[in-house]
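Within every chain, numbering begins at 1; the chains are lettered A, B, ... in the order of the sequence lines, protein sequences first and strands thereafter.
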Protein chains: 2
Amino acid sequence: MISPSRRKRVTIKDVAQAAGVSTQTVSRVMNKFSYVSEETRQRVETVVEQLGYHPSTLARSLIQQRSYTLGVVTFGLKYIGPSRTLNGVADKADELGYMLLMKELDNFDTNRIDEVIDSLLARQVDGIIWVAPEIGDNHSWVEERMDKISVPVLFLAMRPREGISSVATDNYQGAVLAIQHLLECGRKKIGHIAGPLTWWEADERKRGWRETLSAAGFNPLEEHCTEGNWSSASGEQAFIQLLESYPDMDAVFVANDQMALGGLREAIRRGIRVPEQLAVIGFDNIPESAYFYPSLTTIYQDLQLLGEQAVQSIVEMIQARQENKSVIAQSRFIQPTLVIRESSNFAG
Amino acid sequence: MISPSRRKRVTIKDVAQAAGVSTQTVSRVMNKFSYVSEETRQRVETVVEQLGYHPSTLARSLIQQRSYTLGVVTFGLKYIGPSRTLNGVADKADELGYMLLMKELDNFDTNRIDEVIDSLLARQVDGIIWVAPEIGDNHSWVEERMDKISVPVLFLAMRPREGISSVATDNYQGAVLAIQHLLECGRKKIGHIAGPLTWWEADERKRGWRETLSAAGFNPLEEHCTEGNWSSASGEQAFIQLLESYPDMDAVFVANDQMALGGLREAIRRGIRVPEQLAVIGFDNIPESAYFYPSLTTIYQDLQLLGEQAVQSIVEMIQARQENKSVIAQSRFIQPTLVIRESSNFAG
DNA sequence: ATTTATTATGTTATCGATAACATGTTATCG
DNA sequence: CGATAACATGTTATCGATAACATAATAAAT
């Protein structure tokens with residue numbers, strides 16, 4: 001049984017009174033770097049300790065018009081990608097002295113977006129990080145509404161746009177790495193299982209597949225590619241379809257590791273030997289992929305780093321604005337890397 | 001090039017002035033349910049629309065001593081477990097009109113814990129949800145310090161404690177389900193790969209293994225169990241060890257799916273047939289486990305629900321306190337369920 | 001017709017801190 | 001030694017809203 005115990009908050013006034021000084025002096029002690037005699041400082045600090053005083057960041061934010069809080073809008077937190085990114089965001093925010101005010105989206109209704117942004121601004125966030133994938137035209141509001149938002153906004157995993165800051169994995173380049181690797185392994189008939197092509201990321205990966213093959217003198221056709229929804233189940237289905245439309249394929253680039261797992265599973269069931277008959281390469285490098293059967297060659301994207309860079313960038317933007325300097329919006333890319341494992345590693 | 005564009009915030013005063021009423025009247029319009037003539041209401045609403053006024057939640061929180069914000073302390077966000085839980089928390093919070101103020105821990109230094117709690121309280125959170133696993137004595141601060149915290153606190157995945165509210169998966173019961181299933185399959189020599197035993201959850205799962213076997217007339221020994229650190233790599237090692245210390249084992253209960261994956265991998269390498277020679281069962285039911293080779297029988301814990309219940313509970317506590325009612329602290333358990341797949345499904 | 005309740009609106013105090021300004025004291029310097 | 005700078009502290013205004021109280025007009029009740 002817990003009593004309601006509404007202990008009243010200890011305020012700066014209580015401290016001031018107990019120490020026999022003005023609130024301003026207490027404020028000076030709390031914020032350092034201002035003229036306070038050593039004697040007074042000690043006295044105040046003792047009282048602070050005794051009463052267990054902690055300044056209200058809320059009140060401070062109000063008067064200073066600055067909260068040291070970042071708004072974070074997420075989508076699909078239950079997936080490992082966004083949550084890893086969020087982890088990077090959280091770490092870096094902590095390091096730089098910011099807190100995170102989070103809001104998860106469950107859809108992209110435009111009203112909902114306005115509402116979310118308003119609720120963040122109403123809490124005086126210093127900046128907003130958008131951790132939601134670009135799907136279809138769900139970012140179309142950006143161009144028109146950006147300049148109505150009074151704080152810096154930074155987008156993750158968004159197609160670069162003029163005048164808007166963003167950070168993203170270079171999905172295109174990742175796909176290029178994957179295809180080049182397969183070509184180097186001597187594969188000549190490389191299929192692709194794409195993610196949902198309304199997603200910018202899925203589209204970029206597919207583009208990397210297509211263009212790299214073309215550049216190498218091959219002729220990737222539409223029927224050499226099927227589409228999944230990122231899940232293992234969909235990967236399995238897409239793989240079955242692809243086997244039908246591209247029967248003599250000798251390698252497949254799958255747009256993420258989960259779908260690749262579904263494919264591997266079906267390959268085993270059909271007795272297709274990986275990598276001998278069919279090389280498989282995924283994307284993401286989830287921790288489990290090293291233990292798939294066979295272990296999965298994949299493209300590693302550092303989502304943690306993505307989150308960290310996002311925070312770093314937006315804090316720079318906030319500081320620049322604070323000092324009334326202009327900020328140049330920029331789109332940054334993070335380069336993925338190739339991780340070679342058994343599923344492609346067949347030199348013979 | 002973005003101009004500094006420090007548009008001044010539209011305040012309630014601006015609206016009041018433009019509409020020719022007092023700020024109090026504007027406040028009444030914004031908050032509904034108070035006497036305002038239809039005519040005035042319309043006029044004010046028009047002005048609000050025109051100026052794009054959005055009330056400052058910050059200022060409101062200050063005067064009302066209530067922020068409609070929950071503090072969330074997390075640990076290990078990069079793992080799928082905590083992030084799924086967080087997803088549940090975020091969804092439910094949204095549904096109930098709360099925002100989340102997040103802080104990620106990177107260690108359990110006691111000072112750090114105080115600091116984190118203080119920073120949340122300084123921002124006037126209405127309650128705190130602790131989404132960090134109980135490891136060793138990292139929750140030992142709870143008993144002594146709980147009553148110094150002026151808002152309700154709710155712990156997730158913590159060993160039940162008298163007088164403190166918590167919600168957790170019933171890990172013990174999950175292990176019981178797993179072992180009973182293996183026994184029903186006719187297995188008689190059941191080993192266990194535990195998680196790090198300093199974790200309460202790992203310990204509970206091991207206890208379920210031990211006690212269920214004992215109750216069934218078997219004699220589980222210490223050498224029938226090895227320990228991993230939740231990762232697939234450690235699972236592989238633990239499996240190798242276990243094969244040595246318990247060579248004639250015919251089934252193994254692994255404390256999570258990732259480690260089970262590492263075990264499966266090694267079993268394949270050694271030509272051990274699963275489930276014929278060795279039945280394997282995991283814990284968690286991560287989405288990929290249905291596509292392992294062979295697909296993994298496992299215990300499903302609904303972490304999303306865990307998060308939702310946590311928010312539900314703490315909001316009830318907050319409301320009770322608001323109405324000055326007493327709150328009875330309670331520890332709640334969520335029951336996991338058995339998911340049967342190939343890795344154990346050998347009737348014969 | 002007078003009292004009482006309901007409706008509509010304004011005024012002042014307040015939440016907890018800091019900014020901006022004012023004032024007094026002690027060093028420092030030419 | 002008087003002027004100026006550096007130090008130490010206090011007073012008042014302010015951030016953006018709501019609470020608490022006050023007032024006035026209208027409607028309903030006796």
Side-chain angles (χ1 to χ4, degrees), chain A residues 6-45 48 51-69 118-119 121-126 150 322, chain B residues 6-45 48 51-69 118-119 121-126 150 322:
Chain A
R6 177 95 58 130
R7 223 179 340 288
K8 227 174 32 269
R9 172 180 271 282
V10 179
T11 74
I12 198 172
K13 275 188 201 155
D14 302 326
V15 177
Q17 191 158 33
V21 297
S22 72
T23 62
Q24 190 57 229
T25 299
V26 178
S27 174
R28 288 190 183 109
V29 171
M30 297 307 290
N31 295 292
K32 311 275 159 54
F33 311 119
S34 193
Y35 302 129
V36 182
S37 71
E38 192 47 37
E39 186 206 332
T40 311
R41 151 157 286 129
Q42 300 247 325
R43 187 148 38 94
V44 170
E45 276 171 352
V48 164
L51 301 186
Y53 168 67
H54 296 285
S56 161
T57 310
L58 204 66
R60 181 185 286 154
S61 300
L62 187 58
I63 186 73
Q64 298 192 338
Q65 303 285 54
R66 176 147 196 210
S67 64
Y68 285 94
T69 300
D118 288 340
S119 74
L121 293 179
R123 286 173 163 86
Q124 205 77 254
V125 295
D126 297 337
S150 51
Q322 207 74 17
Chain B
R6 177 95 57 132
R7 221 181 340 288
K8 225 172 40 268
R9 172 181 269 282
V10 178
T11 73
I12 199 170
K13 275 189 201 155
D14 303 326
V15 176
Q17 190 156 35
V21 296
S22 72
T23 62
Q24 188 58 228
T25 298
V26 177
S27 173
R28 289 188 182 110
V29 171
M30 298 306 289
N31 294 291
K32 308 278 158 53
F33 311 118
S34 193
Y35 303 128
V36 182
S37 71
E38 192 47 36
E39 187 206 333
T40 310
R41 152 156 286 128
Q42 301 248 326
R43 187 149 38 95
V44 171
E45 276 172 350
V48 165
L51 301 186
Y53 168 66
H54 295 285
S56 161
T57 310
L58 204 66
R60 181 185 285 155
S61 299
L62 187 59
I63 184 74
Q64 296 192 338
Q65 302 286 56
R66 176 148 194 206
S67 63
Y68 286 94
T69 300
D118 288 340
S119 74
L121 293 179
R123 285 173 164 87
Q124 205 75 257
V125 295
D126 298 337
S150 53
Q322 207 74 16

Find every protein N or O atom lying less than 3.5 Å from an N or O atom of nucleotides 23-27 of chain D, and list the pairs.
none

Side chains of Asn31(B) and Ser27(B): closer than 4.5 Å at any heavy-atom pair?
yes
Does anything in residues 56-64 of chain B come within less than 4.0 Å of DNA chain C? Heavy atoms only, and list the residues if so.
Leu62(B), Ile63(B)
Side-chain heavy atoms of Ser56(B) within contact of Thr11(B), under 4.5 Å
no
Of Val10(A) and Thr23(B), the one whose closest DNA chain C nucleotide lies more 5'
Thr23(B)
Spacing of Arg9(A) atom CZ relative to dT14(C) atom P, expressed in whole Å
19 Å
Considering the terminal five base pairs at each end of the helix from dA1(C)-dT30(D) to dG30(C)-dC1(D), what angle separates the two local helix axes, rounded to 10°?
40°
State whether Ser37(A) places a side-chain N or O below 4.0 Å from either non-bridging phosphate oxygen (OP1 or OP2) of dT9(D).
yes
Could you tell me how far apart Gln42(A) (CD) and dT9(D) (P) are, to the nearest whole angstrom?
13 Å
Sub-4.5 Å side-chain heavy-atom contact between Arg123(A) and Tyr68(B)
yes
Find the distance Gln65(B):CD to dT18(D):P and express it as a whole number of Å.
14 Å
Would you say the side chain of Tyr53(B) lies within less than 4.5 Å of the side chain of Asp14(B), judging by non-hydrogen atoms?
no
Taking OP1 and OP2 of dA17(C), is either one under 4.0 Å from a side-chain nitrogen or oxygen of Tyr53(A)?
yes
Measure the distance from CZ on Arg66(B) to P on dA19(D) and round it to the nearest whole Å.
12 Å
Taking the side chain as every heavy atom from C-beta outward, state whether Leu62(B) and Leu62(A) have any pair of such atoms under 4.5 Å apart.
yes
Could you state the interatomic distance from CZ (Arg9(B)) to CD (Gln124(A)), rounded to the nearest 0.5 Å?
5.0 Å
Are side-chain heavy atoms of Ser119(B) and Thr57(A) found at a separation under 4.5 Å?
no
Shortest non-hydrogen contact from Pro55(B) to Ala122(A)?
O-CB, 3.3 Å
Nucleotide of dT9(D), dT18(D), dG10(C) approaching Tyr35(A) most closely (side-chain heavy atoms):
dT9(D)
Side-chain (Arg66(B)) to main-chain (Ser61(B)) donor-acceptor, under 3.5 angstrom:
no
Would you please confirm or rule out a distance under 4.0 Å between OP1 or OP2 of dT18(C) and any side-chain N or O of Ser27(A)?
yes
Between Gln124(B) and Glu38(B), the residue closer to the 5' end of DNA chain C by nearest nucleotide is Glu38(B)
Separation between CZ (Arg28(B)) and OH (Tyr35(B)), nearest 0.5 Å, reads 11.0 Å
For Asn31(B) and dG16(D), give me the distance from atom CG to atom P, rounded to whole Å.
17 Å
Using whole Å, what does the distance between atom P of nucleotide dG16(D) and atom CD1 of Ile12(B) come to?
11 Å
Report yes if some heavy atom in the side chain of Thr69(A) is under 4.5 Å from a heavy atom in the side chain of Asp126(A); otherwise report no.
no
Beyond-backbone contact of Val15(B) with Met30(B), side-chain heavy atoms, under 4.5 angstrom:
no
Report which part of the nucleic acid Val26(B) touches: base, sugar-phosphate, or nothing (heavy-atom distance under 4.0 Å, all strands).
nothing
Report yes if a side-chain nitrogen or oxygen of Thr40(A) is closer than 4.0 Å to either non-bridging phosphate oxygen (OP1 or OP2) of dT9(D); otherwise report no.
yes
Distance check: side-chain N/O of Thr11(A) vs OP1/OP2 of dC15(C), anything under 4.0 Å?
no
Grab the CZ-C1' distance between Arg28(B) and dG10(C) for me, whole Å please.
8 Å
In whole angstroms, how far is the P atom of dA20(C) from the CD atom of Gln24(A)?
11 Å
